[in-house]
There are 2 protein chains.
Amino acid sequence: MNKCTDDFATTQNPSFIVRIDRSVYSVRMEDKAVLETEDLRPKTEAAARILAVASELFYRDGIRAVGVDAIAAESGVTKMTLYKHFGAKDRLVAAYLHVRDEKWRDWVLKSVGARAGGPTERILAVFDALGAWLESQDGMRGCAFVNASVEVANPDHPAQTVIEDQKRWMRGYLKQLAEEADVEEPDKLADQLLVLVEGATITAVMRTAKESVERAKEAAEVLIEAG
Amino acid sequence: MNKCTDDFATTQNPSFIVRIDRSVYSVRMEDKAVLETEDLRPKTEAAARILAVASELFYRDGIRAVGVDAIAAESGVTKMTLYKHFGAKDRLVAAYLHVRDEKWRDWVLKSVGARAGGPTERILAVFDALGAWLESQDGMRGCAFVNASVEVANPDHPAQTVIEDQKRWMRGYLKQLAEEADVEEPDKLADQLLVLVEGATITAVMRTAKESVERAKEAAEVLIEAG
DNA sequence: TAAACAGTATACAGACCTGTCTACTATACA
DNA sequence: TGTATAGTAGACAGGTCTGTATACTGTTTA
């Protein structure tokens, strides 16, 4: 049985009901903690398959465009199984983003770690990592977190925490690299690098700037030197 | 009766049917021309009201989150009137973006035109225009065209043309300013400025970078000097 | 005066969507 | 041997969405 739905029936847990975007959410204090721990990890082989399929479809076609029926069918699983594991579509979305975030962090850390050279080279390696990442993704759909943020307007959606985490981590990592580069204002450089990363992603997806990641990398180099 | 609906009934025009994303579109050769001319302009007071309401709701809540019933109700109009004027929701979306694009161009040209100073100052004025624009918008939802591009995955959606136009215009305008600034590689600078503009918008909306537009402006200044 | 036009009112078709329910099967494990 | 676990199968409730159909009321205008 669904935990979230139970809260509607039995009101013993401290919770408040929010109605936004034509959906009803019960927001509990523990939700954040639950979402951030291993609760999102698939427990069985079927659950892992569901998550993998959902991840591909959500990213490629968009969250709202993909129904749970399609995910279940594509996973070779019944809808009941999906709901037994994830409880609600919103939670599956949060899980999708959570796993994707982990992969992204691993990818960036690995790419930067493998780069020889000083702190400037390490910062520039982030852009190489971004470029390779974007090229490896299906359908040039850009940043899954930005996309999810656009699609999920509701601030109480469980995905919001994951989205915020991802962006905060990226900002923190860039600041760390900026500090290692020993620039005068690491906070300022971190913000500027973040602007370049996000901008390069968007313009690459929308095909407005040619070689936008390479251009952003060159811009980053100038900014580091100036800092 | 509606022109668009007639075209579906009478198949005298050369057209082909596309089925993507669970919607059916009839794409005609003239469509692009039609969409780019005054066909999108509201013809009556009711049509203008519908477009104004749709623009506000689409931008604030997202295109998929807003139904035609809500738009009609909010406009104080029946759904039939909406369909008589716009033929389909997709066309209304295209009209919304078209009008928004015109407003944005006017705003940028006016802002940059009002700025005293040399070519560098004119480029920096674009960022001031962006900052003021973003602050004036309801609900900090960022770039309507990026959002629409995320929500409308289908490449045959009539909004796509408008989105591409908007981005192409912006890129062209930035290149023009870069040429006036007499830098060595105006194309490169234009791409970098575009990356900064898009990145500043995204990070402002997602609140990942503080004062991102100001930071992007500072970065632009460094890049212009370096170029 | 009659036609053309703009809009109202309301019902409805046909999809699609999330989430639930009941009843059943196979497997692991204590 | 018996019980918990994981999953199947398929129906269905209740809602939302886009788009259409029909019959009507005013208003302008030629």
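Note that the structure is predicted; figures quoted are calculated from it, not measured. So that the names make sense, note that chain A is the first sequence line, chain B the second, and so on, each numbered from 1.
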* **Note: Asp101(B)-Lys167(B) ion pair, threshold 4.0 Å (strictly below)** => no
* Would you indicate which nucleotide in dT18(D), dT8(C), dA9(D) comes nearest to any side-chain atom of Met80(B)? => dT8(C)
* To do: Figure out the CD/P separation between Glu45(B) and dG26(D), and round it to whole Å.
  => 19 Å
* To do: Can you sort out the partners of Glu102(A) under salt bridge (Lys or Arg N to Asp or Glu O under 4.0 Å), two or more places apart, ordered by chain and number?
  => Arg41(A)
* Asked: Taking atom C1' of dA15(C) as reference, at what distance in whole Å does atom NZ of Lys89(B) sit?
  -> 15 Å
* What is the nucleic acid contact for Thr44(A), judged by heavy atoms within less than 4.0 Å: base, sugar-phosphate only, or nothing? -> sugar-phosphate
* Structure fact -> Residue pairs passing the ring-ring contact (aromatic ring centres under 6.0 Å, His included) test with at least one member in residues 61-81 of chain B, sequence neighbours excluded, are none
* Asked: To the nearest Å, how far apart are Ile50(B) CD1 and dA6(C) C1'?
  -> 11 Å
* Asked: Given atom CZ of Arg64(B) and atom C1' of dT16(D), what is their separation to the nearest angstrom?
  -> 13 Å
* To do: Check whether any side-chain nitrogen or oxygen of His85(B) sits under 4.0 Å from OP1 or OP2 of dA6(C), and answer yes or no.
  => no
* To do: Could you state the atom-to-atom distance from CG of Leu92(B) to C1' of dT18(D) in whole Å?
  => 13 Å
* Which residue lies more 5' along DNA chain C, comparing Lys79(A) with Lys84(A) via nearest heavy atoms -> Lys79(A)
* **NZ/NE/NH1/NH2 to OD/OE distance under 4.0 Å, Asp106(A) and Lys103(A)** => no
* **Ile63(A) CD1 - dC17(C) C1' separation (whole Å)** => 16 Å
* Measure from CG on Leu82(B) to C1' on dA9(C) and round the result to the nearest Å. => 16 Å
* Asked: Counting side-chain heavy atoms from C-beta on, which of dT8(D), dA9(C), dG19(C) comes nearest to Val77(A)?
  -> dT8(D)
* Among the nucleotides dG19(C), dT18(D), dT20(C), which one has an atom lying closest to any side-chain atom of Tyr83(B)? -> dT18(D)
* Respond yes when some side-chain nitrogen or oxygen of Thr81(A) is under 4.0 Å from OP1 or OP2 of dG7(D), and no when none is. => no
